[in-house]
Amino acid sequence: MKLPKLRMSAESVFCISLFFVFTCWAFASPNGSVPDEAFHLKSIYCYGKKLGPCEVPKFITDEPCFGWGPGGGNGSPHPDTTPACVDETSLTTKVKISTDSTNEGTNSYQGGYYGFMHNFVAESLRTTVFRIRMLNTAICSTVIFLILRISRHRQNLARAFIFAVVATYVPLAFYFIPSVSTASWSFIGPTASWVPLLILFDSAAQRNEKNRATFIVLICLLLSFASKPEALVYTFLVFLSTFLLSNKSFKVKIELVVLLIAIVRPLIELLTTISANTAVIFRGFSGSEATTFFSPYYTSHNLPKIISLYAGQWAQTLGDTDFTTPSTTMLLSFVAMSTILIIGFRSFSKYKFLVISLYLFLMAAVPTVILNLSQRQVGAYITARYLWAMLFGLLFVANWTASRNFVSDQSKQVAIACGAANFAAIGALFAVLRRYTVGASSTSWNLDADKLWWWNTPVTPLTLLGLAFVVQTIFFGSAYKILTRTEEADMPLPLSSRSR
């Protein structure tokens, strides 16, 4: 009797393995390890309580004893203080705080993210954090699955997207997407918009394709609108870039581009009337020191440092001042990114060069303007995570081609990129686990000799690292499969078969 084969497409393997990669990273760090996590958690617990005190777990009322010191990143870091210093009762004991210290009082972010996550608050802080991290993991994995589904007959879009994922997800996306930070949605929203918008702008696309693309675009817009102010701006830049890439009439392009640029400010001011929190783009977080888009004081400080964020900090800085990944992670991430850029150059054209040049200009100008108007400087407050969505877009545009079925002999280069990204990711995860078990300066490889394993699970830190290596290898292996297959080989992957 011959049993049927269990078959699964490379895209399905890619998304399922990504879910488990995110899961491993979600368990790698304790509550309070992600920058601004205390603020985000207080805002989630206190959502909707604009007047009067609000009850939150005691743990999030003070800076974590193992964190960056007083001031949310401005104080002295404690790289060798692990979560063993935490009083376990502070995770369940509730104290009253003023909503002035939450998003209800500061209006720093739009608030939709906090309102949605408020529905998943539990008695234990650890349970709340686990729920939110896993929910963000599921959202990202599902959105990517939908993207790969609508682009399964458009290899140019699927490959450009996966190239960008391989080049930029390590380590920032792996760290921040499965977290409680609003950065999770501000990562997903703009970056997931590229493929569906290009399908919407394609006059040859069928109605059912456009309907599915519209659905995904709406999800991305909701994620961007509910998360952070700059996510809205980055999503608008994706809209502008995809329009330039897809439209064939140069005259129409120029006229509409001028029109779109002209309505940027009125559009955001309209959004401000809908949600007062988006006004932070223009009025800043405090005061009104920056009165122009290119304030001399802020521009002279921010513009040069923004380049350094793109040049390396995106692969190294995870916290504000406390934690960085090993130099090998930055080196291997650079190898993966540069290799993928070289692959993209194979499909270069004059017009694509013009679009990339414009995008590179915007990568420097747009963050500078946002920082100027928000009275912020690159440094303790602003790190590479604020610019990650822009970097993703550059990799996508570099590897985009107009031909749906563009294929070139690039298996060796793809193998180098995927392999480098895989080992960069495992090195970064090891560093994260070491930071929160035996201390950042420890030279021991025995992560199980921990001062405290934060999560109440039978899985030890070393076991988690081993599981992560397996699922990350499957993840990057499926990416290699998708990126190197030909149109004729676009068939489901047989996972197992058996006969007797």
Visitor: Is the backbone of Ala398 close enough, under 3.5 Å, to the side chain of Lys352 for a donor and an acceptor to pair up by distance?
Guide: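 Checked: pair present.
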Visitor: If we ignore hydrogens and angles and just use 3.5 Å, is the side chain of Ser186 paired with the main-chain N or O of Ala183 as donor and acceptor?
Guide: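 Pair found, side chain donor or acceptor close to backbone of Ala183.
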Visitor: Count the heavy atoms belonging to other residues, nucleotides or ligands that lie under 6.0 Å from CZ of Phe423, then report whether that count exceeds 12.
Guide: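 Not buried by this count: 12 neighbours or fewer within 6.0 Å.
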Visitor: Does the side chain of Leu358 reach to within under 4.5 Å of the side chain of Leu244, using non-hydrogen atoms?
Guide: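 The answer is yes; the side chains approach within 4.5 Å.
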Visitor: For the pair Phe174 and Trp25, name the ring-plane relationship: parallel under 30°, tilted 30 to 60°, perpendicular over 60°.
Guide: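 Ring orientation, 0 to 90° scale: tilted.
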Visitor: I need the minimum non-hydrogen distance between Pro178 and Thr137, along with the two atoms involved.
Guide: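 Between these two residues, the closest heavy atoms are CB-OG1, 3.3 Å.
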Visitor: Run Leu341 and Leu395 through side-chain contact (heavy atoms from CB on, under 4.5 Å) and show every step you take.
Guide: CA-CA 7 Å; Leu341 284 173; Leu395 270 295; 3.9 Å; yes
Visitor: Return the CG to CG distance between Leu172 and Leu391, rounded to the nearest 0.5 Å.
Guide: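 That separation rounds to 9.0 Å.
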Visitor: Could you give the distance from NZ (Lys481) to OG (Ser478), rounded to the nearest 0.5 Å?
Guide: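 One gets 11.0 Å once the value is rounded to the nearest 0.5 Å.
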Visitor: How far does CG of Leu447 sit from OG1 of Thr437, to the nearest 0.5 angstrom?
Guide: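 Reported value, rounded in 0.5 Å steps: 5.0 Å.
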Visitor: Return the minimal non-hydrogen interatomic distance between Ile216 and Ile147, and the atom names on each side.
Guide: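 That closest heavy-atom pairing would be CD1-N, 4.0 Å.
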Visitor: Considering all heavy atoms of both residues, which atom of Ala164 and which atom of Thr168 are nearest to each other, and what is their separation?
Guide: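 Smallest heavy-atom distance, with atoms named: O-OG1, 2.6 Å.
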Visitor: Determine whether Asp202 and Arg154 satisfy the following criterion, side-chain contact (heavy atoms from CB on, under 4.5 Å), listing intermediate values before the conclusion.
Guide: CA-CA 11 Å; Asp202 184 2; Arg154 297 170 179 266; 2.8 Å; yes
Visitor: Check the pair Thr191 / Tyr234 against side-chain contact (heavy atoms from CB on, under 4.5 Å), numbers first and verdict last.
Guide: CA-CA 9 Å; Thr191 58; Tyr234 295 156; over 6 Å; no
Visitor: Okay, side chain of Ser193, backbone of Gly189: is any donor-acceptor separation there less than 3.5 Å?
Guide: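 Yes; judged by distance alone, with no hydrogens or angles, the pair exists.
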Visitor: Please tell me if the side chains of Tyr175 and Ser33 come closer than 4.5 Å, counting only heavy atoms from C-beta onward.
Guide: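 Tyr175 vs Ser33: side chains touch.
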Visitor: Students often mix this up, so state it plainly: with edges at 30° and 60°, are the rings of Phe201 and Phe239 parallel, tilted or perpendicular?
Guide: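 It falls in the perpendicular class, over 60°.
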Visitor: Just by distance, do the side chain of Thr329 and the backbone of Ala424 share a donor-acceptor pair under 3.5 Å?
Guide: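 It does hold such a pair.
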Visitor: Would you mind telling me which of Arg159, His153, Arg152 makes a side-chain hydrogen bond (donor to acceptor under 3.5 Å, both in side chains) with Gln155?
Guide: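 The option that passes is Arg159.
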Visitor: Taking all non-hydrogen atoms of both residues into account, name the closest pair between Ser17 and Ile474 and its distance.
Guide: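 In terms of heavy atoms, the two residues are closest at CB-CG2, 3.9 Å.
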Visitor: Is the side chain of Thr460 donor-acceptor paired with the backbone N or O of Thr463 at a distance under 3.5 Å, no angle test?
Guide: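 Looks like yes, one N/O pair under 3.5 Å.
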Visitor: Run the side-chain contact (heavy atoms from CB on, under 4.5 Å) test against Ile144 and tell me which residues pass, sequence neighbours left out.
Guide: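 Expected list: Phe14, Cys15, Leu18, Cys140, Leu148, Phe161, Tyr169.
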Visitor: Are Asn422 and Thr473 close enough that a side-chain donor and a side-chain acceptor fall under 3.5 Å?
Guide: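 Indeed, the side chains of Asn422 and Thr473 share at least one donor-acceptor pair under 3.5 Å.
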Visitor: What orientation do Phe187 and Phe176 show, parallel under 30°, tilted 30 to 60°, or perpendicular over 60°?
Guide: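 Because their plane-to-plane angle is over 60°, the rings of Phe187 and Phe176 count as perpendicular.
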Visitor: Are Trp400 and Phe396 an aromatic pair by the rule of ring centers under 6.0 Å?
Guide: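 No.
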Visitor: Return yes if some donor-acceptor pair links the side-chain N/O of Tyr359 with the main-chain N/O of Met390 below 3.5 Å, else return no.
Guide: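 Checked: pair present.
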Visitor: Starting at CD1 of Ile416, measure out to CD1 of Ile343 and round the result to the nearest 0.5 Å.
Guide: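 The CD1 atom of Ile416 sits 8.5 Å away from the CD1 atom of Ile343.
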Visitor: Just verifying a value: how many Å separate Asn136 CG and Leu223 CG, rounded to the nearest 0.5 Å?
Guide: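 Spacing of CG (Asn136) from CG (Leu223) equals 9.0 Å.
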Visitor: Determine whether Met134 and Phe19 satisfy the following criterion, side-chain contact (heavy atoms from CB on, under 4.5 Å), listing intermediate values before the conclusion.
Guide: CA-CA 9 Å; Met134 294 307 299; Phe19 176 86; 3.8 Å; yes
Visitor: Any chance you could measure Arg385, atom CZ, to Ser179, atom OG, to the nearest 0.5 Å?
Guide: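 Going from CZ on Arg385 over to OG on Ser179, the span is 9.5 Å.
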Visitor: Would you say that more than 12 heavy atoms from the other residues, nucleotides or ligands in this model lie under 6.0 Å from the CZ of Phe120, or not?
Guide: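 Counting other residues, nucleotides and ligands, CZ of Phe120 exceeds 12 neighbours.
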Visitor: If you compare all heavy atoms of Ala420 against all heavy atoms of Val335, which two are closest, and at what distance to 0.1 Å?
Guide: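 Looking at all heavy atoms of both residues, the closest pair is CB-CG1, 4.0 Å.
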Visitor: Ring-plane angle category for Trp185 and Tyr113, please: parallel below 30°, perpendicular beyond 60°, tilted otherwise.
Guide: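 Rings of Trp185 and Tyr113: perpendicular, as their planes differ by over 60°.
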Visitor: For the side chain of Arg212 and the backbone of Ile150, is there at least one donor-acceptor N/O pair under 3.5 Å apart?
Guide: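 Here the side-chain-to-backbone pair does not exist.
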Visitor: Can you name the nearest heavy-atom pair linking Gln413 to Thr339, along with the distance?
Guide: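 Closest approach of Gln413 to Thr339, heavy atoms only: O-CG2, 3.2 Å.
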Visitor: With heavy-atom distances below 4.5 Å as the criterion, would you say the side chains of Thr23 and Phe27 are in contact?
Guide: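 The answer is yes; the side chains approach within 4.5 Å.
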Visitor: Are the side chains of Trp194 and Ser241 in touch, meaning some heavy atoms are under 4.5 Å apart?
Guide: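 The answer is yes, as the side chains (C-beta and beyond) meet within the 4.5 Å cut-off.
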